[in-house]
Novice: 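Take this structure, written in structure tokens, and hold onto it; I'll ask about it next.
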Amino acid sequence: MSEQGITVSKSEDFSEWYSQVLSKAGLVDLRYNVQGFVVHKPWLMRIIKAIYRFFEEELEKTGHEPVLFPLVIPEENFEKEKEHVEGFKPEVFWVTQAGDEKLERRLALRPTSETAFYYMYSYWIQSWRDLPLKLYQSVSVYRNEKNTRPLIRGREFLWIEAHDAFATHEEALNQIREDMENSRKVIWEKLGIPFLFLRRPPWDKFSGAEDTYAADTIMPDGRVLQISSTHDLGQRFAKAFNVTFLDKDGKRKYVWQTCYGPGIWRITAALIAIHGDDKGLVLPMNVAPIQVVIVPIYYKESDKERVLEKCRKLEAMIREAGYRVYLDAREEYTPGWKFNDWELKGVPVRLEVGVREVETGTVTVFRRDLRVKEKVADSELISHIRKLENDILEELKRRAKEFFESRIVTATRREEVEEALRSGKMVKMPFCGREECADDLKEATDGGKVRGTEIDFKEGDYGRCAWCGAPARLIVYVAKSY
RNA sequence: GGGGCCGUAGUCUAGCUUGGUAGGAUGCCAGCCUGGGGCGCUGGUGGUCCCGGGUUCAAAUCCCGGCGGCCCCACCA
């Protein structure tokens with residue numbers, strides 16, 4: 001039998017739970033016949049658009065402007081930065097033919113757009129007066145991934161990429177702080193997704209970057225997910241693309257660049273995974289496509305009109321107050337069916353209105369996050385909803401933070417590291433800093449990866465490496481990842 | 001790239017071993033009945049059994065090839 005609801009528990013079988021929520025809550029349709037390419041349904045797109053809007057607002061507040069660059073990048077651009085090509089080449093899709101004609105030079109579908117942006121930056125940047133240049137685009141990118149998972153690893157996925165150019169390295173480094181703050185404001189404050197902002201080890205940098213910083217969150221199965229990244233590109237691309245300016249001192253200089261990429265797909269995946277429960281999605285008000293749903297309940301035809309009349313009044317009042325409200329007056333479904341369905345879809349607030357409510361001048365208000373009902377007087381409904389807007393987000397943040405913190409443990413010995421990784425934890429530990437040690441750890445623990453150090457971390461003497469016992473120079477976080 | 005599993009109405013699936021009229025549930029449509037936690041009844045609708053070839057009187061079923069999907073390993077800024 002094809003169940004309409006979620007049939008597994010999130011804590012027991014996260015992978016299956018996640019697949020079921022995506023399909024059953026009407027977020028995606030995975031029947032499209034190309035692996036790794038996902039059909040995004042309206043419920044998902046509305047959530048994604050809300051998340052995009054938050055990031056775009058923050059970016060524009062800090063001086064970024066929107067642009068749209070071409071999807072295709074000629075091979076000659078792509079080849080200019082050696083390390084960049086080597087890193088991305090294995091997963092680039094190429095356009096090689098148009099109609100029956102073979103193209104003289106093949107075109108890459110952007111896997112990321114440095115080589116499109118910076119080609120133009122060499123034209124646009126001439127003077128110190130042109131700096132800083134801060135542009136972003138909200139687009140999909142293309143990578144031929146082998147193991148795909150909807151919203152987590154795709155061959156086509158949605159993100160924002162902000163490409164900034166500065167006169168000095170110092171300004172570029174400040175930009176990385178600003179990017180981190182941007183992530184904090186949106187990912188944590190608005191969406192309630194906790195994360196660590198880490199500086200990646202040298203062997204795990206973006207291809208072509210001097211340094212990579214990234215936000216890692218922890219999924220319910222304990223694996224970490226990189227949800228945004230910021231790269232200090234130094235002057236490497238500036239040199240490859242000849243992006244120079246005449247400074248105040250009359251000297252021609254290369255610009256310093258950064259690139260910030262909040263992974264909208266993955267942030268959405270984290271939102272679904274972290275806040276969801278065994279009944280389905282749980283959405284904060286600020287991204288919910290429908291914030292308040294009204295379900296009318298009547299037994300007799302004679303009660304129908306007075307119940308519906310009250311529902312319509314409430315609907316108008318709530319809409320007037322600025323909320324996205326939907327009166328579910330469909331007659332082909334029972335109230336019980338609707339309760340389950342809207343919970344599956346994660347609508348934060350449900351109002352139940354029947355004869356009882358009509359006669360007492362009240363509304364039964366159901367909170368999706370706590371799954372509790374309470375009676376509220378009609379006259380206090382709007383202020384109650386306003387309060388819930390904040391309360392629900394705070395509750396989601398509280399739970400998410402509690403989970404996140406419970407998943408990070410410290411270790412100083414090899415056995416502790418092994419045990420922690422086995423039980424799905426992220427490990428904070430002293431580390432020697434050697435790539436060979438990280439490789440050995442990864443192999444021995446079936447995938448435990450050194451994710452990096454905290455951004456303000458200073459190297460020093462931290463005793464012995466928890467893995468190999470050599471003198472430790474760093475404190476790092478280690479976890480299995482997606 | 002290596003290994004494994006699997007393709008039957010929108011969905012989940014029976015049938016395949018042992019070749020012989022494709023069956024059920026759910027969904028969808030119509031009508032009734034209902035409604036405070038996924039109601040019930042009646043009727044109807046919906047199939048290139050992934051594609052191509054082979055064997056056979058006869059193929060969803062057996063054989064070969066292809067395509068597609070899923071899982072594990074490797075890879076993964």
Side-chain angles (χ1 to χ4, degrees), chain A residues 1-7 15-16 19-20 23-24 26 29-37 81 83-92 110-115 141 143-150 152-155 157 159 161 200-214 225-226 228-233 259-261 263 266 279-280 295-301 303-304 307-308 328-345 350-358 363-364 366 371 373 375 442-443 446-447 449 451-452 480-482:
Chain A
M1 168 170 170
S2 53
E3 287 280 343
Q4 300 171 84
I6 308 298
T7 59
S15 182
E16 176 64 19
S19 304
Q20 288 195 13
S23 294
K24 293 184 176 182
D29 198 324
L30 300 176
R31 290 174 297 182
Y32 195 73
N33 51 346
V34 186
Q35 192 209 338
F37 290 81
E81 212 292 326
E83 201 179 298
H84 187 68
V85 194
E86 281 170 13
F88 278 103
K89 211 152 195 188
E91 51 190 49
V92 171
R110 59 175 171 240
T112 176
S113 304
E114 283 74 12
T115 59
V141 289
R143 301 178 187 182
N144 188 30
E145 300 287 353
K146 298 288 181 286
N147 270 345
T148 58
R149 280 172 81 97
I152 291 174
R153 166 167 264 106
R155 292 184 174 172
F157 64 90
W159 77 350
E161 46 183 326
R200 292 279 187 252
W203 56 86
D204 195 23
K205 289 181 312 188
F206 173 76
S207 304
E210 297 286 355
D211 247 321
T212 287
Y213 300 80
L225 183 69
Q226 175 176 314
S228 87
S229 60
T230 269
H231 311 292
D232 174 5
L233 300 178
C259 163
Y260 172 50
R266 286 181 160 192
K279 295 289 272 180
V295 178
I297 301 158
Y298 43 86
Y299 293 98
K300 293 175 295 199
E301 195 64 16
D303 293 329
K304 177 176 169 181
V307 168
L308 283 179
D328 187 359
R330 292 176 295 175
E331 301 207 339
E332 63 271 34
Y333 295 109
T334 61
W337 193 93
K338 292 174 185 174
F339 294 169
N340 283 286
D341 194 47
W342 292 116
E343 282 171 40
L344 179 58
K345 288 185 148 67
R350 176 176 75 234
L351 307 183
E352 301 174 15
V353 179
V355 175
R356 281 184 232 155
E357 286 79 4
V358 171
V363 182
T364 297
F366 173 88
R371 300 195 74 246
K373 293 181 183 183
K375 291 263 186 212
K442 185 177 171 187
E443 193 167 336
D446 193 25
K449 283 179 75 175
R451 305 295 289 180
K480 295 187 183 181
S481 68
Y482 274 95

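From a predicted model like this one, the values you see are computed outputs, not experimental measurements. Every chain is numbered from 1, with letters handed out A, B, ... down the list of sequences. Heavy atoms only: backbone and side chains are in, while hydrogens, waters and symmetry mates are out.
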Novice: Taking any heavy-atom pair under 4.0 Å as a contact, classify A/Q35: base, sugar-phosphate, or nothing.
Specialist: sugar-phosphate
Novice: B/rU48 and B/rG40: how far apart are their P atoms, nearest whole angstrom?
Specialist: 30 Å
Novice: When you compare B/rC29 with B/rA9, how far apart are their C1' atoms, in angstrom units rounded to a whole number?
Specialist: 15 Å
Novice: At 4.0 Å (heavy atoms only), tell me whether A/D204 reaches a base, stays on the sugar-phosphate, or touches nothing.
Specialist: sugar-phosphate
Novice: Both distances below 3.5 Å, Watson-Crick or wobble geometry, any strand: find the nucleotide opposite B/rU18.
Specialist: none
Novice: Need one value for A/G87: base, sugar-phosphate or nothing, where a base atom within 4.0 Å counts as base even if backbone is also close, heavy atoms only.
Specialist: nothing
Novice: Please compare A/K338 and A/Y482 by the position of their nearest nucleotide in RNA chain B and report the one closer to 5'.
Specialist: A/K338
Novice: Classify the side chain of A/E332 versus the base of B/rG35 as yes if they form a donor-acceptor pair under 3.5 Å and no if they do not.
Specialist: no
Novice: Pick base, sugar-phosphate or nothing for A/T364, based on heavy-atom distances below 4.0 Å to the nucleic acid.
Specialist: base
Novice: When you get a sec, tell me which of B/rC70, B/rG37, B/rG38 is the closest nucleotide to the side chain of A/L344?
Specialist: B/rG38
Novice: Which of the following nucleotides, B/rC28, B/rG36, B/rG37, is nearest to the side chain of A/I297?
Specialist: B/rG36
Novice: Using heavy-atom distances to pick each residue's nearest nucleotide on RNA chain B, tell me which of A/W159 and A/R330 is more 5'.
Specialist: A/R330
Novice: If I take atom NZ in residue A/K24 and atom P in nucleotide B/rG27, what distance separates them, rounded to the nearest angstrom?
Specialist: 13 Å
Novice: Do A/K304 side-chain and B/rG35 base share a donor-acceptor contact under 3.5 Å?
Specialist: no
Novice: I want to verify a distance call: between B/rC73, B/rG1, B/rG37, whose nearest atom is closest to the A/N147 side chain?
Specialist: B/rC73
Novice: Counting just side-chain N and O atoms, does A/T334 come under 4.0 Å of either OP1 or OP2 of B/rC39?
Specialist: yes
Novice: With rounding to the closest Å, how many angstrom separate the C1' atoms on B/rG31 and B/rG52?
Specialist: 46 Å
Novice: Can you identify which nucleotide, out of B/rG38, B/rG36, B/rC28, has its nearest atom closest to the A/Y299 side chain?
Specialist: B/rG36
Novice: Between B/rG3 and B/rA74, how many Å separate the two C1' atoms, rounded to a whole number?
Specialist: 11 Å
Novice: How is A/T112 classified with respect to the nucleic acid when contacts are heavy atoms under 4.0 Å: base, sugar-phosphate, or nothing?
Specialist: nothing
Novice: Using atom NZ of A/K146 as one end and atom C1' of B/rC71 as the other, report the distance to the nearest whole Å.
Specialist: 17 Å
Novice: Where the side chain of A/P335 is concerned, which of B/rG35, B/rG10, B/rG37 is the nearest nucleotide?
Specialist: B/rG35
Novice: When you measure from the side chain of A/Q226 to the backbone N and O of A/A214, does any donor-acceptor pair fall under 3.5 Å?
Specialist: no
Novice: Test side-chain hydrogen bond (donor to acceptor under 3.5 Å, both in side chains) on A/S207 and A/E86; report intermediate values, then the result.
Specialist: CA-CA 8 Å; A/S207 304; A/E86 281 170 13; over 6 Å; no
Novice: Between A/E343 and A/R350, does at least one N-O distance fall below 4.0 Å, as a salt bridge requires?
Specialist: yes
Novice: Using atom CZ of A/F88 as one end and atom C1' of B/rC76 as the other, report the distance to the nearest whole Å.
Specialist: 10 Å
Novice: Closest approach to the side chain of A/R153, judged atom by atom: which nucleotide of B/rC76, B/rG37, B/rC28 is it?
Specialist: B/rC76
Novice: Rounded at 0.5 Å granularity, tell me how far CD1 in A/I152 sits from CZ in A/R266.
Specialist: 7.5 Å
Novice: Across the strands shown, which category fits A/F157 at heavy-atom distances under 4.0 angstrom: base, sugar-phosphate, nothing?
Specialist: base
Novice: How about A/K442 and A/K480: do any of their side-chain heavy atoms sit closer than 4.5 Å?
Specialist: no
Novice: From CH2 of A/W342 over to C1' of B/rG38, roughly how many Å is that when rounded to an integer?
Specialist: 15 Å
Novice: Is a side-chain donor or acceptor of A/K89 paired with a backbone partner of A/H84 at a separation under 3.5 angstrom?
Specialist: no
Novice: Contact class for A/V355 vs. all strands (heavy atom < 4.0 Å): base, sugar-phosphate, or nothing?
Specialist: base
Novice: Please give the distance between the P atoms of B/rC12 and B/rG69 as a whole number of Å.
Specialist: 16 Å
Novice: Can you tell me, in whole Å, how much space there is between the P of B/rC73 and that of B/rU61?
Specialist: 34 Å
Novice: What's the closest nucleotide to the side chain of A/E145 if the choices are B/rC28, B/rC76, B/rG37?
Specialist: B/rC76
Novice: Within the structure shown, what part of the strands sits under 4.0 Å from A/S207 by heavy-atom distance: base, sugar-phosphate, or nothing?
Specialist: sugar-phosphate
Novice: What's the gap between B/rU8 and B/rA59 when it is taken at their C1' atoms, as a whole Å value?
Specialist: 14 Å
Novice: How many Å lie between CG on A/N340 and C1' on B/rG38, as a whole number?
Specialist: 5 Å
Novice: Using purine N1 to pyrimidine N3 plus N6-O4 or O6-N4 for Watson-Crick, or N1-O2 and O6-N3 for G-U wobble, both under 3.5 Å, which nucleotide pairs with B/rC62?
Specialist: B/rG54
Novice: Calculate the interatomic distance between A/K480 atom NZ and B/rC76 atom C1'; express it in whole Å.
Specialist: 17 Å
Novice: If you look at every strand shown and take non-hydrogen atoms under 4.0 Å, does A/E86 touch a base, only sugar-phosphate, or nothing?
Specialist: nothing
Novice: Identify the nucleotide, in any strand shown, that forms a Watson-Crick or G-U wobble pair with B/rC67, with both distances under 3.5 Å; if there is none, say none.
Specialist: B/rG7
Novice: Between the side-chain atoms of A/R31 and the base atoms of B/rG69, is any donor-acceptor pair under 3.5 Å?
Specialist: no
Novice: Heavy atoms under 4.0 Å, any strand shown: does A/F366 hit a base, just sugar-phosphate, or nothing?
Specialist: base
Novice: Among B/rU11, B/rG35, B/rG37, find the nucleotide with the atom closest to the side chain of A/Y298.
Specialist: B/rG35
Novice: Checking only heavy atoms, does the side chain of A/E331 share a donor-acceptor pair with the base of B/rG35 at less than 3.5 Å?
Specialist: no
Novice: Starting the side chain at C-beta, find the nucleotide from B/rG36, B/rG35, B/rC76 nearest to A/R356.
Specialist: B/rG36
Novice: Under the side-chain hydrogen bond (donor to acceptor under 3.5 Å, both in side chains) criterion, do A/T364 and A/K375 qualify, and how do the steps go?
Specialist: CA-CA 5 Å; A/T364 297; A/K375 291 263 186 212; 3.3 Å; yes
Novice: To the nearest Å, how far apart are A/K300 NZ and B/rC33 C1'?
Specialist: 17 Å
Novice: Could you identify the nucleotide paired to B/rC41, looking across every strand shown and requiring Watson-Crick or G-U wobble geometry with both distances under 3.5 Å?
Specialist: B/rG31
Novice: Let me know the distance between CG of A/D341 and C1' of B/rG35, rounded to the nearest Å.
Specialist: 16 Å
Novice: Could you tell me whether A/E145 and A/R155 have a side-chain N and a carboxylate O separated by less than 4.0 Å?
Specialist: no
Novice: Need the pair for B/rC12. Rule: Watson-Crick or G-U wobble, both distances under 3.5 Å, any strand; none if unpaired.
Specialist: B/rG24
Novice: Can you tell me if A/Y32 has over 12 outside heavy atoms packed within less than 6.0 Å of its OH?
Specialist: no
Novice: Just checking A/R149: base, sugar-phosphate only, or nothing, at a heavy-atom cut-off of under 4.0 Å?
Specialist: nothing
Novice: Check the angle between the aromatic planes of A/Y333 and A/W337 and answer parallel, tilted or perpendicular using the 30° and 60° thresholds.
Specialist: parallel
Novice: Give one of base, sugar-phosphate or nothing for A/K373, where a contact means two heavy atoms less than 4.0 Å apart.
Specialist: base
Novice: Using the P atom in both, what is the distance from B/rC49 to B/rU11, to the nearest Å?
Specialist: 15 Å
